[in-house]
Amino acid sequence: MIENLVIVESPAKARTIERFLGKDFHVKSSFGHIRDLTKKNLGIELDNKYKPQYIISEDKKKIVAELKKIAGEAKIVWLASDEDREGEAIAWHLSEVLNLKTENTKRIVFHEITKSAIQAAIQQPRGIDQNLVNSQQARRVLDRLVGFELSPILWKKIQPSLSAGRVQSVAVRLLVEREREILSFKPAASYKIEGIFMFLDQDGQERPFKAEIPKRFPSKQKTLEFLNKNKDAEYVVTNIEVKPAKRWPSPPFTTSTLQQEASWKLGFSVIQTMLVAQKLYEAGKITYMRTDSVNLSNLALSAAKKTISNEFGNEYIKIRKYKTKAKGAQEAHEAIRPTYLQNKSIDGAATEKKLYELIWKRTIASQMSDALLEKTVATIDVSTTEEDFIATGEVIKFDGFLRVYTESKNEEAEGKKKNILPLLKINQTLTNKSILGIEKFTQPQFRYTEAGLVKKLEELGIGRPSTYAPTISTIQNRGYVVKEDRPGSERKINLIRLENKVITEEIQTEFAGREKGKLFPNDIGMIVNDFLVDHFNDILNYNFTAKVEKEFDEIALGKLDWTEMIDEFYQSFHKKVEETLKCSEKKTGERILGEDPVTGLTVLVKMGRYGPVAQSGDAGKDKKPRFARLLKGQLIETITLEEALNLFKLPRIIGAYEGKDVIIGVGKFGPYIRHNDKFYSLKKGIDDPLTIEIERAKELIEEKRKSDRKKVIKTFSEDPDILILKGRYGPYLSYKKKNYRIPKAKDPGELSYEESLELIKKGQKSSTKNK
DNA sequence: CAGTGAGCGAGCTTCCGCTTGACTT
């Protein structure tokens, strides 16, 4: 007979709690939700008050059976899932599925996994909060209705297998709208004026420092005029202002801020951050990594105090309590922090070490003193003009938390940029070394990184810590958006310099629009977005989630019946679904670019069956139209007639090599060279399929042949189709375009022909078995 | 790994939020 069974969501949590509770308590985990709506159909009985049809998920059957058995033997079952909507629902599903009786079932909650918090929770059990459960059912049913009624419209009207949902569709909308802002942005040029002045140090050394004219000059002409006036100018310091300033640390990490900082400082994708964090959590090194709370337990606060005192001294301690600002935060957990704050670093993989140290620094810094600064602003009068130069400098008087953590900035770059300002005095005259007029262009808005999009979604209250990373993956997997680097384009900028009373001009080049690891919407993302915004504006509205969240809150308080809320929504929503299915045309995003000046045929671009294509000629009236795939980076929305006409120049024969034609084309995976029935990819960003010449093509062919030869470990004279190759995951066997595993114990170089045949036979058998 | 684009039709796709393994071609 078991005295007590405690059920929590996570196995790692179960292990920790079991230690705290002692022998009488058996702690098990449910591994999250155990039931969900059936996937076979809508899973909601529309004519029966939206009754959800729950089934036990396939991968949970085993654990449910086990829990059922133990629960039957236990005297008391403690449901200890999280204290939020989803946690309450998990507790309720457990009590339903395990047939728990109210008299021996107790619901307990705690916000932090510390011994005292858990013991306190045990002292204050309650029943299941059905209102809170109902708010979760409303959330679940609403998301299912939206997702499972919108997606099929897209399959009919745009393309199969597409998807739409309350969260993902808004995420795509953010990216599409930002992209359009950037595409339509017209950069404006102006001139920034920087002067280098010399200052005689106490030890007789001349030191340069920088000052700027606060306003921008609108044209080159005005800049030249200003520089000319400076040829015979004198410079006097007319004002010095010294102001104290303060900087304070950021709160400890939540899921969203951890993803942002890991992206910025360590270059991690949001998925990578979560995978590494999961590892650290399972090893007991950090607290739970899916949280929206910035709260630290009292235990953590006192550990932080001790650690800071030991490491930096008492003057660096400032214990702070942070409040969550995020919309819709449910705060079931602590902030993400090291379990043991005295451990500054850990053993483990390089990525784990780096992420741990980031978390340690952020947590410790959050409990450290403000940094005290002194900002100096000096005004330098120019005798010949009305403009004044302004020099600013900043000195750190007390580093405080900056000793361990600088936020969201590349620390080295920041250090380099800082202007060291000398101790100037009023009425002091200065000598000018040079003045530079630099042409500056206004910048469009930034494109989103994965983590930047998560930040935006969190601000809008859309999505939860457990779904940020999956959402980012979904919109990429559907092809709506792509994460990539873009080289940008060169741009000339004017530089005008005054030095030794002589004005010189030079032209520099800079890269505009260079992007690294940013999210770009694809054509299909734009088409789907426009379609949804057209027909379902209310759901695509950035405030839709906030609006329904308010209603979920009312349901949780018992002020609103969940089925009534759903009914209110569904009546009008479903009507729109029907209308849209009936009325709207199939959408291809078609755009007519104009006429081919040579053939006179209409040229258009649209979404074809296999992706965006350009089409020359009308299917109805002309003879068979020609098609050409758009190149990567080209958008239906922005491609020009000229660019589209160029696409029809492919495939093209550029010459011959070894007696065979060399043909350039564009395929599913980008531009390629075809030679003797073999394909060779062009180099991304280096080779242009429209201009590549035969010599370069030969080079690429030879390069590929060389690297293929390197891959081969062994061949057999008995059958040249069998190849032992070196792959990404180690050696493998390749035979007629199929790959087979080589047992780890075998030295691939020693594999015999007979053994290879054996492996192929075995591999074919097991692959049919798996199906 | 690669070049397609007519049309028919069966059968499939899909949501968000909780949680980890079992997979490694």
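Here the structure is a predicted model, which means the values were calculated and not measured. In what follows, every heavy atom counts, from backbone to side chain, and hydrogens, waters and symmetry copies are set aside. Here is the naming used below: chain letters follow the sequence lines, and residue numbers restart at 1 for every chain.
- Looking at heavy-atom distances under 4.0 Å, G463(A) makes contact with sugar-phosphate atoms alone, never a base.
- For the pair S10(A) and dT20(B), the criterion of a side-chain N or O lying under 4.0 Å from OP1 or OP2 is met.
- Between F569(A) and F573(A), the angle of the ring planes stays under 30°, which puts this pair in the parallel group of the 30/60° scheme.
- Contact annotation for Q278(A): backbone-only contact, meaning every heavy-atom pair under 4.0 Å involves sugar-phosphate atoms and none involves a base.
- Atoms CD1 (I55(A)) and P (dC15(B)) sit 16 Å apart, rounded to a whole Å.
- Relative to the ring axis of Y480(A), R478(A) does not place its NZ or CZ within 45° and under 6.0 Å from the centre.
- Checking dC18(B), dT14(B), dA6(B) against every side-chain atom of F627(A), the shortest atom distance belongs to dA6(B).
- Of the side-chain N and O atoms in S151(A), none sit less than 4.0 angstrom from OP1 or OP2 of dC15(B).
- Counting non-hydrogen atoms under 4.0 angstrom, V146(A) reaches nothing in the nucleic acid.
- In this structure, the nucleotide among dC18(B), dG17(B), dT19(B) sitting nearest to the side chain of Y288(A) is dT19(B).
- In this structure, R107(A) fails the cation-pi test against W92(A), since its NZ or CZ atom is not both closer than 6.0 Å to the six-membered ring centre and inside 45 degrees of the ring normal.
- The distance from atom OH of Y672(A) to atom P of dC1(B) is 15 Å, rounded to the nearest whole Å.
- T255(A) places a side-chain N or O within 3.5 Å of a backbone atom of M289(A) that can act as its donor or acceptor partner.
- Across residues 471-482 of chain A, T474(A), R478(A) each have a non-hydrogen atom less than 4.0 Å from an atom of DNA chain B (numbered order).
- Using a 4.0 Å heavy-atom distance criterion, G611(A) is classed as a base contact.
- Geometrically, R173(A) engages Y542(A) in a cation-pi contact defined by less than 6.0 Å to the ring centre and at most 45° from the axis.
- We find that CD of Q53(A) is positioned 16 Å from C1' of dC15(B), with the value rounded to whole Å.
- Residue contacts for A164(A): at a heavy-atom cut-off of 4.0 Å it reaches the sugar-phosphate backbone alone, with no base atom in range.
- The Y281(A) side chain lies nearest to dT20(B) when the options are dC16(B), dT20(B), dC18(B).
- Between H333(A) atom NE2 and dT19(B) atom P the separation is 6 Å, expressed in whole Å.
- Counting any heavy atom pair closer than 4.0 Å across all strands shown, P651(A) reaches no nucleic acid atom.
- A donor-acceptor contact shorter than 3.5 Å links the side chain of N541(A) to the backbone of N543(A).
- The ring of F31(A) does not lie on top of the base of dT20(B); it is either too far (5.5 Å or more) or too tilted (30° or more).
- dG17(B) atom P lies 18 Å from atom CD of E88(A), rounded to whole Å.
- Within the 4.5 Å cutoff, no side-chain heavy atoms of V481(A) are placed close to those of N522(A).
- Within the structure, a side-chain polar atom (N or O) of Q168(A) is placed less than 4.0 Å from OP1 or OP2 of dC16(B).
- The base of dT13(B) sits within donor-acceptor range of the side chain of S161(A), with an N or O pair under 3.5 Å.
- Between the side chains of Y50(A) and D567(A), at least one donor N or O lies within less than 3.5 Å of an accepting N or O.
- Rounding to whole angstrom units, CZ of residue F148(A) and P of dC16(B) are separated by 10 Å.
- Nucleic acid contact class of G608(A) (heavy atoms, under 4.0 Å, all strands): base.
- With ring centers used as reference points, Y288(A) lies under 6.0 Å from Y281(A).
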TODO: Toss me the dot-bracket line for DNA chain B: Watson-Crick and G-U wobble, both under 3.5 Å, 5' to 3', using | for pairs to another strand and [ ] for crossers.
DONE: .........................
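- Side-chain N/O atoms of R629(A) and base N/O atoms of dT4(B) include a donor-acceptor pair closer than 3.5 Å.
- In this structure, L162(A) reaches the sugar-phosphate backbone alone: every heavy-atom distance under 4.0 Å involves primed, P, OP1 or OP2 atoms, never a base.
- Shown here is K279(A), whose NZ atom has no more than 12 heavy atoms of other residues, nucleotides or ligands within 6.0 Å.
- Following rounding to the nearest Å, I462(A) (CD1) and dG17(B) (P) show an atom-to-atom distance of 10 Å.
- The shortest distance between the side-chain N/O atoms of T467(A) and the OP1/OP2 oxygens of dC16(B) is not below 4.0 Å.
- Within 4.0 Å (heavy atoms only), P11(A) reaches sugar-phosphate atoms of the nucleic acid but no base atom.
- In this structure, R85(A) does not reach the dC18(B) phosphate: none of its side-chain N or O atoms is under 4.0 Å from OP1 or OP2.
- A straight line from NZ of K61(A) to C1' of dT20(B) spans 18 Å, rounded to a whole angstrom.
- With dC18(B), dC16(B), dT19(B) as the candidates, the nucleotide lying closest to the side chain of R464(A) is dC18(B).
- Positionally, the nearest nucleotide of DNA chain B for L150(A) lies more toward the 5' end than for the other of L150(A) and K60(A).
- Distances shorter than 4.0 Å separate none of the side-chain N or O atoms of Y680(A) from OP1 or OP2 on dA2(B).
- Dashed line: the shortest gap from a side-chain N or O of R290(A) to OP1 or OP2 of dT20(B) is under 4.0 Å.
- When each of R464(A), R139(A), R140(A) is tested with E86(A) by the rule side-chain hydrogen bond (donor to acceptor under 3.5 Å, both in side chains), just one qualifies, namely R139(A).
- Listed here is the closest heavy atom pair of L540(A) and S169(A): CD1-O, 3.6 Å.
- Residue G165(A) is in sugar-phosphate contact alone, with no base atom involved, counting any heavy-atom pair closer than 4.0 Å across all strands shown.
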